[in-house]
Protein chains: 2
Amino acid sequence: MTKKTHSNCPVYYALDFIGDKWSLIILRDIMLEEKKFFLDFIGSHEGIATNILTNRLANLESDGFINKIRDTADKKRFVYSPTKKGLDILPVIIAMITWSSKYIAKGSPASNFMAMVNDDPVKFEKDICAKFSNQTE
Amino acid sequence: MTKKTHSNCPVYYALDFIGDKWSLIILRDIMLEEKKFFLDFIGSHEGIATNILTNRLANLESDGFINKIRDTADKKRFVYSPTKKGLDILPVIIAMITWSSKYIAKGSPASNFMAMVNDDPVKFEKDICAKFSNQTE
DNA sequence: CATGTTTACTTGCTTTTTGCAAGGAAAATA
DNA sequence: TATTTTCCTTGCAAAAAGCAAGTAAACATG
């Protein structure tokens with residue numbers, strides 16, 4: 001996802017930014033799992049490597065999906081949060097959850113999100129956006 | 001996207017299948033661009049290599065997203081078509097189109113799909129599904 | 001029916017990306 | 001000052017993707 005082709009196809013355009021697995025996983029962690037710090041993302045059970053995480057966080061920031069600000073309480077670390085542009089990716093994530101809840105193996109341990117999304121996807125999105133309503137951009 | 005991790009996270013579960021760019025581009029071509037044949041996909045301006053296309057078509061078929069049947073009219077070639085499971089990915093694609101139409105540069109040559117999706121996304125999805133209503137699975 | 005074309009796929013090679021392990025730097029802590 | 005925490009970098013190996021050429025079966029043509 002280094003070079004953006006800026007295709008005139010809107011599907012490909014979106015994939016230029018979130019067409020790799022890790023970028024969407026990070027956005028999921030930020031928006032759904034309320035992760036904020038570098039080590040939070042490292043703690044995801046998917047196991048992203050530190051160099052890849054650094055690269056993806058930088059891309060997501062320069063592409064305007066997330067903000068990166070130094071934590072005032074603990075200046076060693078940075079707080080990562082979604083921008084409006086990033087929050088607007090939520091419908092894509094929700095659509096994936098809807099699809100998965102239909103096709104995931106019955107025996108699989110169900111995620112909380114599946115029930116919530118199936119129950120009321122609009123409310124699900126609104127509730128998450130409300131958590132980040134203090135975002136300026 | 002070779003090994004499926006079968007994570008209990010529904011986002012990651014979906015990304016196991018469509019988390020690489022090419023798989024979604026192929027599904028876009030099949031469902032939105034009404035492409036059917038190997039050479040149709042090669043003709044996409046994104047430029048997928050033949051070995052990658054062969055691999056992705058095989059994966060999509062074995063994962064149950066598409067059907068592959070020999071063309072009765074011209075037995076040299078195969079007809080690729082979406083299954084119900086594949087058509088259920090449409091909301092993900094539509095969510096991407098919605099996102100892109102909001103953030104794509106104003107000067108960019110607009111796709112037909114952007115206007116149609118923004119006008120009536122539910123109708124957009126129904127119309128596409130109707131085209132493939134003869135699909136048995 | 002011999003020859004050439006179309007369509008799908010394969011193979012070998014190079015380049016790019018990812019994964020992994022170790023280390024480094026700034027801020028906090030003791 | 002020494003140690004820990006947090007984020008990031010670097011070097012190297014493994015995996016994936018990209019590219020060009022070639023193969024084989026179905027078909028078309030003379």
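Naming convention: chains lettered A, B, ... in sequence-line order (proteins, then strands); numbering from 1 in each chain.
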Notebook entry, point to check: Between B:Y103 and A:D88, is any side-chain donor less than 3.5 angstrom from a side-chain acceptor?
Noted result: yes

Checklist line | Nearest-angstrom distance from the residue atom NZ of A:K76 to C1' of C:dA27 | finding: 6 Å

Next item on the list: Assign B:D74 to base, sugar-phosphate, or nothing according to its heavy-atom contacts below 4.0 angstrom with the strands shown.
Entry: sugar-phosphate

Next item on the list: Compare every heavy atom of A:F65 with every heavy atom of A:F17, then report the nearest pair and how far apart it is.
Entry: CB-CZ, 3.6 Å

Check: Rounded to the nearest Å, what distance is computed from the CG atom of residue B:N59 to the P atom of nucleotide D:dA17?
Finding: 10 Å

Margin query: Any side-chain N or O of B:R70 below 4.0 angstrom from OP1/OP2 of D:dA26?
Written below: no

Next item on the list: Return the value, rounded to whole Å, for the distance between atom CD1 of A:I42 and atom P of D:dT6.
Entry: 12 Å

Next item on the list: Using a 4.0 Å heavy-atom cut-off across all strands, classify A:F41 as base, sugar-phosphate, or nothing.
Entry: nothing

Item checked: Rounded interatomic separation in angstrom, taking NZ from A:K35 and P from D:dT6 -> 15 Å

Margin query: Nearest to the A:F38 side chain among D:dA17, D:dC7, D:dC27, which nucleotide is it?
Written below: D:dC7

Margin query: Looking only at the side chain of B:I52 (C-beta and beyond, no hydrogens), which of the listed nucleotides D:dA17, C:dA8, D:dT6 gets closest?
Written below: D:dA17

Check: Toward the 5' end of DNA chain C, which comes first, A:G47 or B:Y80, by nearest nucleotide?
Finding: B:Y80

Notebook entry, point to check: Which whole-number value in Å describes the distance from B:D71 CG to D:dA26 C1'?
Noted result: 11 Å

Check: Is a side-chain donor-acceptor pair under 3.5 Å present for A:D20 with A:S23?
Finding: yes

Next item on the list: Consider the side chain of B:F37, meaning its heavy atoms from C-beta on, and name the nucleotide among C:dA8, D:dC27, D:dC7 that approaches it most closely.
Entry: C:dA8

Margin query: Are the side chains of A:I89 and A:L24 in contact, using a 4.5 Å heavy-atom criterion?
Written below: yes

Notebook entry, point to check: For A:N55 and C:dT16, what is the distance between atoms CG and C1' respectively, to the nearest whole Å?
Noted result: 13 Å

Notebook entry, point to check: Please give, in whole Å, the distance from D:dC7 P to A:L57 CG?
Noted result: 10 Å

Margin query: Regarding C:dT10, can its base be found pairing with the side chain of B:T50 as donor and acceptor, where the two atoms are less than 3.5 Å apart?
Written below: yes

Note to self: Check the phosphate of C:dC9 against B:K68, side-chain N and O only, distance under 4.0 Å to OP1 or OP2. Yes or no?
What the structure shows: yes

Margin query: Using whole Å, what does the distance between atom C1' of nucleotide C:dT14 and atom CG of B:N51 come to?
Written below: 13 Å

Item checked: Residues A:K123, A:D127: salt bridge by 4.0 Å N-O rule -> yes

